[in-house]
Peer 1: 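Here it is, the structure, as structure tokens.
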Amino acid sequence: MKIMTHIVAGYPSMKECEKIALTMAETDVSYIEIQFPFSDPIADGETIKAANDAAILNGTTTAKCFDLVERLKGDVPLLAMTYYNIAFRYGLERFCKKAHEVGLYGLIIPDIPLDEEKYEHYLELCEKYGLNPIQIVSPITPDRRLREIAKVARGFVYCVSNSGTTGERENLNFNLKKYIGRIRKFIDLPLALGFGISNKKQVGIATEFADIVVIGSKIISIHKDGGISAVKAFCLDIRS
Amino acid sequence: MKSLKKYILNKTGHFGEYGGRYVPELLMPIMEELEKVFYESIKDRSFQDELNGLYKTYSGRPTPLYFCENLSKKLGGARIYLKNEGLNHTGAHKINHCLGQALLAKRLGKKRVIAETGAGQHGLATATVCAKLGLECVVYMGAKDFRRQRPNVFFMERLGAKVVPVKSGGQILRDAINEALKDLISNPEDTHYLLGTVCGPHPYPVMNAHFQSIVGREVRKQLDGSPDYLVACVGGGSNAIGLFHDFLDDEGVKMIGVEAGGKGIKETSSKCDHAARFETGETGVVEGFKSYFLQNKDGQIKDTHSISAGLDYSGVGPQLVYLKDIGRIETSYALDDEVLSAYELLARTEGVFAALESCHAVAEVIKLAPKLPKNKIIVFNCSGRGDKDLFIVTEKFNFKIS
């Protein structure tokens, strides 16, 4: 079972998030997603939005996020998750070049759809600098878009869910089977699944269908309540 | 200049390099469907008839174009005309795009409508059309605006809308937009996001400009020709585009968009004393579109300030930025104090209370008119009436209500 965990760079502090990430790496997670904070994170819920705000207030800059990645570089592949304005303001080419230099495996930028490629050349630059531009799909992504996404996807594909996919176990099973089944018809890469997964039971369900299980905001609340040792215990427990 | 309208928007929703559709994949199908239904509907006679019928019998269009004789005399220059969008049902121009979008929501089979609001005028207009058309309505409003625009909150609730105060960030319009986008991401299938200005991902800028362009068309008819100057305040830009749009091809018509200068053009790395995007904003991609934003060098969006909630916004409509870039429009700003003086002068000379947003345009007219000869014509958009600002202006003029 592969797990991808998440931290917000600079939250609760640069030092502490570095420790959290190192602890995750020790528990053998498969990927770590490092979010470069942004003031207007439209695809994130309240917990991560608050962590973004706090990190910016702490003085976290894009340059410091790259420094963090450089320090964390090790056996576990690291991905930078951020919003397009952060990369755009840094200079997209400069951003991709730097991402390559610090050893990032890929980028997750939800608000740069394929449709803007001819204006932004994001996929082209990822290719040039050997980065995996992680594509995101949802239950309402139509087949025709999945075909286009399949052509440009690299690394793995991130499947998010909307409100329709959470709920009773039987329902969840049924919906996930249908959802992931449809995505697999178009996409040959490993699939990562994230839907606010917060406990062992949900990890179990997700594992039946997906290759990688994403654990995001739960880590933030666990750390808040129990510190690093609780994060370690959680990462070990969900995979046991 | 003749072909201007043709090339300002391309098929992917870009105005030059601005605009576009920078949204998460989850929203792409929704935006594509909205775009399709929008273009189909505006070519459909029955849709046009229904919308025009509502404009006339429900909103009270056409709104008057009124010659401000006393103000013109007092300023001693150009002839000043006021396009009174404040006389629309619900008190502002916002109902123009609300009626259009609500009819589209019906066509899309959506049962639930969400909206963001700053001053509350767009939220009020949305709640009103939802009440009329039987749609569930949720309005997101920054908690600071929720406190300073109490009358509109009260009316929205009476209309059956749920008004949600947004406590994150600066607690203003931008935070409300973020929250509404998040709602749409969670409820993409049954919900229409009735975005209230010419910002956001394609097709919102072009769609709202289309529904607002009736304002300029009426002005042309009412004047029986073109004015020399058009003046409008610019928050997101819906009332400005509404006034300007029909005249974009008329080379002789000068256009001025007036931003919120707040307490002056000063700022730190996280906070502005103003909301003047054309003064210190830079290109960025936020909330689904590329435009000018007030931001620091890392791309973090700054909090803004204005006496008027409706202009208190860090981004601006992409089409306006493009029009400024190619030199078709000019921009300026008015300070909070100038806005209050304008509010008072318009009231005393013409007996009209304009919304504080619209008073930014009045403040510009006060500077512009005396410099022009008497045969020149200025039309300014009185985009809303001033009733909603009661609690702000009573405080500023030291009047105790109770």
Side-chain angles (χ1 to χ4, degrees), chain A residues 36-46 49-50 52-53 55-57 59-65 82-90 92 95 109-120 135-142 144-146 148-149 157-164 166, chain B residues 10-14 16-33 166-170 174-175 177-191 201-202 269-270 282-290 293 295-303 314-315:
Chain A
F36 290 20
F38 179 48
S39 52
D40 294 54
I42 55 168
D44 282 303
E46 228 167 276
K49 157 85 171 132
N52 274 257
D53 287 346
I56 295 164
L57 213 62
T60 305
T61 59
T62 309
K64 286 181 188 172
C65 293
T82 193
Y83 289 84
Y84 188 54
N85 202 45
I86 297 297
F88 179 78
R89 291 289 293 174
Y90 195 85
L92 186 60
F95 189 91
I109 305 181
D111 57 345
I112 179 70
L114 330 174
D115 313 60
E116 298 296 341
E117 179 63 13
K118 84 172 176 206
Y119 285 86
E120 310 299 334
Q135 300 298 313
I136 302 172
V137 300
S138 89
I140 61 164
T141 306
R144 102 192 117 74
R145 288 192 66 83
L146 286 174
E148 294 304 310
I149 289 167
V157 166
Y158 193 148
C159 308
V160 294
S161 66
N162 56 15
S163 50
T166 50
Chain B
N10 68 15
K11 277 189 184 146
T12 53
H14 289 261
E17 67 172 295
Y18 308 105
R21 183 182 283 154
Y22 296 80
V23 295
E25 184 56 40
L26 195 55
L27 292 181
M28 288 304 287
I30 313 286
M31 294 301 133
E32 288 177 340
E33 190 191 16
V166 179
K167 296 197 177 85
S168 62
R174 170 180 139 229
D175 309 290
I177 293 175
N178 275 309
E179 217 49 40
L181 281 168
K182 270 176 212 170
D183 182 316
L184 186 65
I185 287 171
S186 313
N187 305 288
E189 277 156 306
D190 69 336
T191 298
H202 182 54
S269 66
S270 65
E282 289 180 76
T283 307
V285 180
V286 186
E287 288 158 5
F289 65 108
K290 186 183 274 188
F293 292 90
Q295 55 183 323
N296 72 15
K297 66 176 176 25
D298 259 4
Q300 308 298 355
I301 303 306
K302 297 183 181 184
D303 288 337
S314 44

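Just so it is clear, the structure is predicted and the values come from calculations on it, not from any experiment. Naming convention: chains lettered A, B, ... in sequence-line order (proteins, then strands); numbering from 1 in each chain.
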Peer 1: Report the C-alpha separation of A/Arg144 and B/Glu32 in whole Å, then their side-chain angles, then the decisive distance to 0.1 Å, and conclude whether the salt bridge (Lys or Arg N to Asp or Glu O under 4.0 Å) test is met.
Peer 2: CA-CA 12 Å; A/Arg144 102 192 117 74; B/Glu32 288 177 340; 2.8 Å; yes
Peer 1: Could you look at B/Glu179 and say if it's the side chain, the backbone, both or neither that has a heavy atom under 4.5 Å from chain A?
Peer 2: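 The answer is neither part of B/Glu179.
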Peer 1: With sequence neighbours left out, write down each residue that passes side-chain hydrogen bond (donor to acceptor under 3.5 Å, both in side chains) with B/Lys302, or none if nothing qualifies.
Peer 2: B/Glu267
Peer 1: Which atom names give the shortest non-hydrogen contact between B/Pro29 and A/Ile140, and what distance separates them?
Peer 2: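 Looking at all heavy atoms of both residues, the shortest contact is CG-O, 3.4 Å.
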Peer 1: For the residue pair A/Asp40 and B/Glu287, what are the closest heavy atoms and their distance?
Peer 2: OD2-OE2, 3.4 Å
Peer 1: What residues form a side-chain hydrogen bond (donor to acceptor under 3.5 Å, both in side chains) with B/Asp175, not counting sequence neighbours?
Peer 2: none
Peer 1: Of all of A/Ala43, A/Pro37, A/Ser39, which one pairs up most often with chain B through heavy atoms under 4.5 Å apart?
Peer 2: A/Ser39
Peer 1: Quick check on A/Tyr119 against chain B: is it the side chain, the backbone, both or neither that has a heavy atom closer than 4.5 Å?
Peer 2: side chain
Peer 1: Can you tell which part of A/Ile56 gets under 4.5 Å to a heavy atom of chain B, answering side chain, backbone, both or neither?
Peer 2: side chain
Peer 1: Could you tell me if the side chain of A/Glu120 sits less than 4.5 Å from the side chain of B/Lys290, heavy atoms only?
Peer 2: yes
Peer 1: Between B/Ser269 and chain A, with a heavy-atom cut-off of 4.5 Å, which part of the residue counts as in contact: side chain, backbone, both or neither?
Peer 2: neither
Peer 1: For B/Lys182 and A/Asp44, indicate whether the former's side chain and the latter's backbone hold a donor-acceptor pair under 3.5 Å.
Peer 2: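 Checked: pair present.
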Peer 1: Can you confirm whether B/Gln300 sits close enough to A/Arg89 that some side-chain heavy atom of one is under 4.5 Å from a side-chain heavy atom of the other?
Peer 2: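 When only atoms from C-beta onward are counted, A/Arg89 and B/Gln300 do not touch, as no gap falls below 4.5 Å.
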Peer 1: Can you tell me if A/Glu117 has over 12 outside heavy atoms packed within less than 6.0 Å of its CD?
Peer 2: yes
Peer 1: Given a strict heavy-atom distance threshold of 4.5 Å, which part of B/Ile30 is in contact with chain A: side chain, backbone, both, or neither?
Peer 2: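 Interface part for B/Ile30: side chain.
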Peer 1: Please classify the contact between A/Ile109 and chain B as side chain, backbone, both or neither, with a heavy-atom cut-off of under 4.5 Å.
Peer 2: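 Answer is neither: A/Ile109 stays 4.5 Å or more from chain B.
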Peer 1: So which of B/Leu181, B/Asn178, B/Asn296 has the biggest tally of heavy-atom pairs under 4.5 Å with chain A?
Peer 2: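 Maximum pair count with chain A is reached by B/Asn178.
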Peer 1: Taking B/Glu25 for the side chain and A/Ile136 for the main chain, is one N or O donor matched with an acceptor at less than 3.5 Å?
Peer 2: no
Peer 1: Ignoring hydrogens, what is the shortest heavy-atom contact between B/Thr283 and A/Phe88? Give both atom names and the distance.
Peer 2: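 Nearest heavy atoms, B/Thr283 then A/Phe88: O-CE2, 3.5 Å.
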Peer 1: For a quick test of reading the model, state the closest non-hydrogen atom pair linking B/Arg21 to A/Pro113 and the distance between them.
Peer 2: O-CG, 3.2 Å
Peer 1: So which of B/Val286, B/Leu27, B/Ile177 has the biggest tally of heavy-atom pairs under 4.5 Å with chain A?
Peer 2: B/Val286
Peer 1: Backbone N or O of B/Tyr22 within a donor-acceptor pair of the A/Asp111 side chain at under 3.5 Å?
Peer 2: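 The answer is no, because no donor-acceptor pair under 3.5 Å joins these two groups.
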Peer 1: Measure from the side-chain N and O atoms of B/Asp298 to the backbone N and O of A/Thr62, and report whether any donor-acceptor pair falls under 3.5 Å.
Peer 2: yes
Peer 1: Using heavy-atom distances under 4.5 Å, tell me whether A/Gln135 contacts chain B through its side chain, its backbone, both, or neither.
Peer 2: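 Neither; nothing under 4.5 Å.
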Peer 1: Could you check if a side-chain atom of B/Gln295 sits within less than 4.5 angstrom of a side-chain atom of A/Asn85, using non-hydrogen atoms only?
Peer 2: yes
Peer 1: Side chain from CB out, backbone as N, CA, C, O: work out which of these in A/Tyr83 comes under 4.5 Å of a heavy atom of chain B, or both, or neither.
Peer 2: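 Contact with chain B: none, neither part.
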